[in-house]
Amino acid sequence: MRTEYQFREIEKTWQGFWEQNQTFKAQVNPNKPKYYVLDMFPYPSGAGLHVGHPLGYIASDIMARYKRLQGYEVLHPMGFDSFGLPAEQYAIQTGQHPAITTEQNITRYIEQLKNMGFSFDWSREVRTSDPSYYKWTQWIFMQLFNSWYNQASDKAESIDTLKDILATKGAIGLQAVCDEEVERISAESWHAMTEDEQYAYLLNFRLAYLDDSVVNWCPQLGTVLANDEVKDGLSERGGYPVEQKKMRQWSMRITAYADRLLRGLEEVDWSDSLKEQQRNWIGKSIGTDVEFEIEGISDKKIKVFTTRVDTIYGVSFMVLAPEHEWVAELTKPDQQADVEAYITWTKSRSELDRVSEVKTVSGVFTGTYVINPLNQERVPLFLADYVLAGYGTGAVMGVPSGDQRDWNFAKHFDLPIPAILDAQKEIEKQADNTKEGKYINSGLINGMGYKQATETLIQWLEERGIGKGKVQYRMRNAVFSRQRYWGEPVPVYFKPNAAGQLLPYLIQESELPLELPKIDKYLPTETGEPPLGRAADSWKYQGQYDYEWSTMPGWAGSSWYWYRYMDAQNGVEFASAEAVNYWKAVDLYIGGSEHATGHLLYSRFWNKFLKDLGYVAEEEFAKKLINQGMIQGRSNFVYRLKNSDQVTFVSHGLKDQYDVAALHVDVNIVENDVLDIAEFKRSRNDVPADAQFILEDGKYICGWEVEKMSKSKFNVVNPDDLIAKYGADTLRVYEMFLGPLEQFKPWNTNSISGSHNFLRKVWRLFFDEQAQKSIVVDSPATPEELKVLHTAIRKVQDDLDRYSFNTVVSTLMICVNDLGQLKCHSKSVLRELVLLLSPYAPHLAEELWVALGEAAGSISHASFPVFNPTFLEENEFNYPISFNGKVKLTLAFSATASPAEVEAGVLANEQVQKHLDGKAPSKVIVVPKRIVNIVLGK
RNA sequence: GGCGAUGUGGUGAAAUUGGUAGACACGCUACCUUGAGGUGGUAGUGCCGCUUUAGGUAUGGGAGUUCGAAUCUCCCCAUCGUCACCA
């Protein structure tokens with residue numbers, strides 16, 4: 001038996017034990033309630049884990065262990081999102097297959113994760129780049145290809161039901177999500193089509209579809225990117241410029257689910273900020289489409305979308321996006337030169353320029369006028385790039401009195417700013433978007449209020465067929481192709497129809513997985529085709545048809561992985577119905593907030609789709625989500641004397657007295673901001689052995705600053721080093737003790753010794769290290785000990801139930817401190833304490849559990865201590881006595897004393913009388929078992 | 001600019017329904033113990049003031065509600081996140 005806290009040996013022993021005995025293997029167990037706790041699986045990067053990564057994993061592991069003790073069957077898996085750009089970029093440079101790099105990185109990750117003592121069920125590990133996994137990603141793609149969205153039933157259905165509808169009723173009146181331009185054919189026309197033509201027509205409705213769309217093209221990465229992979233006009237990975245380009249691409253009709261994605265947010269327990277980000281991304285606006293006639297052109301009308309149709313009498317101009325397809329036609333000859341110059345100028349501006357010059361007004365008159373349908377007024381038609389081609393109709397009605405951008409535009413081009421509401425103020429100075437007051441100068445709606453005016457106008461427009469109430473979403477369909485190698489192949493091949501046009505067809509399900517072919521180089525082909533084009537000669541469907549050469553985006557494999565964990569080895573289904581119906585959905589999902597609009601939105605989309613098809617049980621896949629705060633770096637600095645022949649460093653507190661330059665210093669040779677000078681000299685080439693140090697109190701104190709954690713700033717802290725020094729249990733306790741899980745915080749190793757000392761203190765309740773013997777006794781617990789213990793049981797349970805991981809550590813510390821004071825070595829108390837501690841410090845808990853005579857390994861599936869309130873009952877309560885809200889003293893009264901008795905007792909007290917100083921209180925407030933407040937009049 | 005969040009000692013933080021602000025931990029001070037790898041213990045530590053005692057003051061700033069506000073309401077300031085000419 002170990003009588004010293006030798007954490008290295010202890011941790012190694014138990015990690016080996018867990019692995020050997022498969023202690024954390026989960027299984028479908030109908031006799032137990034289930035709990036599914038999931039971490040966002042990592043991309044296995046070459047750098048390995050840093051100290052920020054485990055934060056969320058520690059929290060989820062604590063929940064997993066806590067729920068096991070509460071009698072749940074817990075699913076707590078881990079895997080790897082192993083397709084991605086870095087491995088491929090590395091392959092381009094070295095020629096090494098990305099699978100090899102990926103494999104190496106995963107091995108390293110697993111080793112690091114195992115060192116932390118996580119209770120993962122490793123038998124369920126998944127890797128998105130493994131064919132046995134991406135077989136099912138491809139399978140889901142096939143289901144999407146074979147489905148359409150029926151707005152009548154408000155769900156996705158098999159494409160066969162669409163065929164039936166087309167055959168019987170045609171597309172007239174069909175409520176389906178598709179492109180607006182799709183021709184509404186009759187049943188007769190459907191029957192008149194050839195099979196090829198019908199197939200081509202159906203492509204317009206599939207949830208996975210090919211489309212010419214304007215995409216974010218990144219030349220340096222040689223691929224298209226989704227909107228959420230572009231930040232400020234630059235690629236999120238690498239920071240390369242991104243341009244707009246029209247390309248034929250696979251897309252996903254996520255917009256079909258816009259409203260359900262919005263509504264679903266109400267039933268999940270996610271943070272407000274995250275839900276709000278998703279709402280903004282979906283961007284629902286309720287408004288009206290209105291058609292404006294064009295002067296001199298009778299066969300066309302310009303359609304605008306507005307959320308404020310009530311302001312239509314205030315229109316003094318109209319603006320089209322420069323990319324609008326009618327621009328050429330609508331430009332009058334004498335304006336042609338100006339318009340062309342403007343379009344050329346807008347094209348020359350990068351996405352970045354546009355974003356950074358939001359406030360500048362630019363635009364050009366087309367020479368054309370349009371007619372306001374309400375008052376027949378003629379208003380000039382402009383082009384301006386503040387109108388976006390991709391949103392709404394690409395046309396906007398200008399209402400300068402109510403919209404600041406329109407106001408700026410009107411001022412710039414000297415256009416009228418008519419008032420429309422009597423409540424608008426100072427519209428000659430700025431726009432006023434109020435909805436208050438009564439309408440003026442507004443024909444039909446004069447004298448009405450906002451609501452009535454809007455309803456009246458929509459009705460008026462709809463009756464005449466020139467307008468319609470409409471819901472508009474900002475969210476676009478998701479581009480699903482990437483011109484890269486290291487991703488899932490799309491299970492599609494192209495076959496020409498009678499006219500020689502290539503149409504996409506799915507391969508057979510039995511042919512899955514469609515594996516990545518070997519290629520010579522991981523670069524685009526000489527003709528600019530994606531890397532898979534290099535395999536073209538040998539890699540053909542049925543030996544003759546080209547496969548799709550682009551691969552799936554990074555988010556494909558991560559949009560359903562929680563289901564694979566449920567039944568990871570299944571060879572015939574992505575997961576069995578039995579597994580899906582038992583585990584259902586994730587009860588607790590922990591990961592970074594950077595996935596707010598990417599992964600979390602796409603995952604919800606795929607989940608809803610799979611639900612529609614009846615493959616999964618729940619509409620929302622993650623009931624509760626916590627975003628762990630990012631851990632920032634905490635850099636240390638030394639201050640080098642400028643203009644000195646001798647290399648000299650000045651301690652932080654004295655630096656203001658000298659002329660110094662701050663230099664980063666490796667945080668790993670600094671402890672509590674005190675520099676290890678010998679190590680500093682040894683590790684740096686630029687610091688000679690005779691360097692001078694101006695110290696304060698005999699120490700060199702470093703300055704510090706919060707920055708991003710990065711190698712160049714010498715502030716990366718590796719968890720392996722800390723585990724070697726203090727043990728995994730200490731690291732786990734310390735990371736939780738840092739503060740609330742959700743909070744952003746700088747990493748600071750300074751106070752880790754407190755957590756380590758705490759675990760040593762626990763150890764000393766069990767062992768006398770000097771005498772090298774156990775000091776646990778069988779004697780019954782005293783009332784004081786039971787009170788201390790049960791106070792902790794209650795608080796630990798309450799805090800874990802509200803995910804307050806940091807305060808649990810404090811509670812355990814207080815409990816251990818108090819038991820130490822009481823010199824408690826009673827077995828019955830210590831047994832419960834070990835259970836409380838075990839989710840946080842599992843290795844230590846296992847060791848102590850055995851020391852108490854329990855069976856090895858049985859602590860993981862033991863029962864959580866039961867709180868007993870009778871141990872906390874007190875005969876007396878110490879009332880704080882306050883005067884006008886300020887506490888001056890405390891007085892003890894019987895816990896059962898009535899408020900009147902307490903009041904009488906307080907007023908009879910000598911000290912209270914002294915504070916009263918002869919004055920009579922105007923009121924005495926007694927809150928039982930809380931406080932007494934004596935109110936003194938002024 | 002919109003939206004969301006946050007603001008408490010030298011530091012990380014706690015205060016769950018409004019009820020003794022600063023638990024717990026780091027750091028620091030003093031003393032005892034120990035004496036080779038991040039020892040153990042005792043006491044103290046928000047700020048101002050005092051020899052000690054009183055006492056005063058304090059949760060970004062200002063106002064308000066209340067017997068009582070870190071907590072609720074309004075205005076302002078700062079920081080972080082996010083979207084960003086979305087009609």
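Sequence lines set the chain letters: A, B, ... in the order given, protein chains first and strands last, and positions in each chain run from 1.
- Going from atom CD of Q472(A) over to atom OG1 of T306(A) covers 11.5 Å, rounded to the nearest 0.5 Å.
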Exercise. Both distances under 3.5 Å, Watson-Crick or G-U wobble: on that basis, could you give the dot-bracket string for RNA chain B, with [ ] for crossing pairs and | for other-strand partners?
Key: (((((((..(((......[....)))((((((.......))))))(((......)))..(((((..]....))))))))))))....
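- Look at NZ on K886(A): it is 11 Å from C1' on A69(B), rounded to the nearest Å.
- Residue S285(A) has a polar side-chain atom (N or O) positioned under 4.0 Å from OP1 or OP2 of A87(B).
- Rounding to whole angstrom units, CD of residue Q628(A) and P of G81(B) are separated by 16 Å.
- Of the residues listed (Y734(A), W763(A), Y726(A), F737(A)), the one engaging H756(A) in a ring pair (Phe, Tyr, Trp, His ring centres under 6.0 Å) is Y726(A), and it is the only one.
- If you check G4(B), A87(B), C85(B) against the side chain of E276(A), the one that comes closest is G4(B).
- Atom P of C77(B) sits at a distance of 26 Å from the matching atom of A87(B), rounded to the whole Å.
- Between G55(B) and G62(B), the distance separating the two P atoms is 25 Å to the nearest Å.
- Rounding to whole angstrom units, CD of residue Q632(A) and P of U79(B) are separated by 15 Å.
- Toward the 5′ end of RNA chain B lies the nearest nucleotide of N280(A), the other residue of the pair K888(A) and N280(A) mapping further downstream.
- If you measure from atom CZ of R476(A) to atom C1' of C83(B), you get 15 Å, rounded to the nearest angstrom.
- The distance from atom CD1 of I793(A) to atom OG1 of T811(A), rounded to the nearest 0.5 Å, is 12.0 Å.
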Quiz item: Which parts of nucleotides 5-28 of chain B does protein reach within less than 4.0 Å, heavy atoms only, written one letter per nucleotide 5' to 3' as B for base, S for sugar-phosphate only and - for none?
Solution: S------BSSSBB-BB--BBSSSS
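- The listed nucleotides are C85(B), U42(B), C67(B); the one nearest the side chain of V935(A) is C67(B).
- Distances shown here put a side-chain N or O of Y391(A) below 4.0 Å from the OP1 or OP2 atom of A87(B).
- For the pair M475(A) CE and A84(B) P, the computed distance is 14 Å after rounding to whole Å.
- Across the protein-nucleic acid pair, L274(A) atom CG and C83(B) atom P stand 12 Å apart, rounded to whole Å.
- In this structure, CG on N280(A) lies 6.0 Å from CZ on R474(A), to the nearest 0.5 angstrom.
- Between F413(A) and F317(A), the ring center distance fails the sub-6.0 Å criterion.
- For the pair Q404(A) CD and C85(B) P, the computed distance is 16 Å after rounding to whole Å.
- Straight-line distance between the C1' atoms of U20(B) and G68(B): roughly 12 Å, to the nearest whole Å.
- U17(B) and C26(B) have their C1' atoms separated by 32 Å, given to the nearest Å.
- For E769(A) and U34(B), the CD to C1' distance is 14 Å, given to the nearest whole Å.
- Between the side chains of Q404(A) and N408(A), at least one donor N or O lies within less than 3.5 Å of an accepting N or O.
- Contact annotation for F758(A): no contact, since no heavy-atom pair falls under 4.0 Å across all strands.
- Shown here for L812(A) and L836(A), the closest heavy-atom pair between the two residues is CD2-CB, 3.9 Å.
- Between V309(A) and I458(A) the shortest heavy-atom distance is CG1-CG1, 4.2 Å.
- Among C67(B), C85(B), G40(B), the nucleotide with an atom closest to any side-chain atom of K923(A) is C67(B).
- Taking each heavy atom of F805(A) and A59(A) in turn, the nearest pair found is CE2-O, 3.5 Å.
- Toward the 5' end of RNA chain B, the nearer of the two residues G394(A) and Q821(A), judged by each one's closest nucleotide, is Q821(A).
- Rounded to the nearest Å, the gap between the P atom of G35(B) and that of U39(B) is 14 Å.
- Contact check for D729(A) versus V733(A): no side-chain heavy atoms found under the 4.5 Å cut-off.
- A close approach under 4.0 Å does not occur between any side-chain nitrogen or oxygen of R279(A) and OP1 or OP2 of C83(B).
- Nucleotide G9(B) is shown with a syn base, its glycosidic torsion being within 90° of 0.
- Distance noted for atom P between U11(B) and C28(B): 15 Å (whole Å).
- Here the separation of A63(B) from U52(B), taken at their P atoms, is 34 Å to the nearest Å.
- Counting non-hydrogen atoms of neighbouring residues, nucleotides and ligands closer than 6.0 angstrom, the NZ atom of K787(A) reaches no more than 12 such neighbours.
- Nucleotides G46(B) and A23(B), compared at atom P, are 8 Å apart to the nearest Å.
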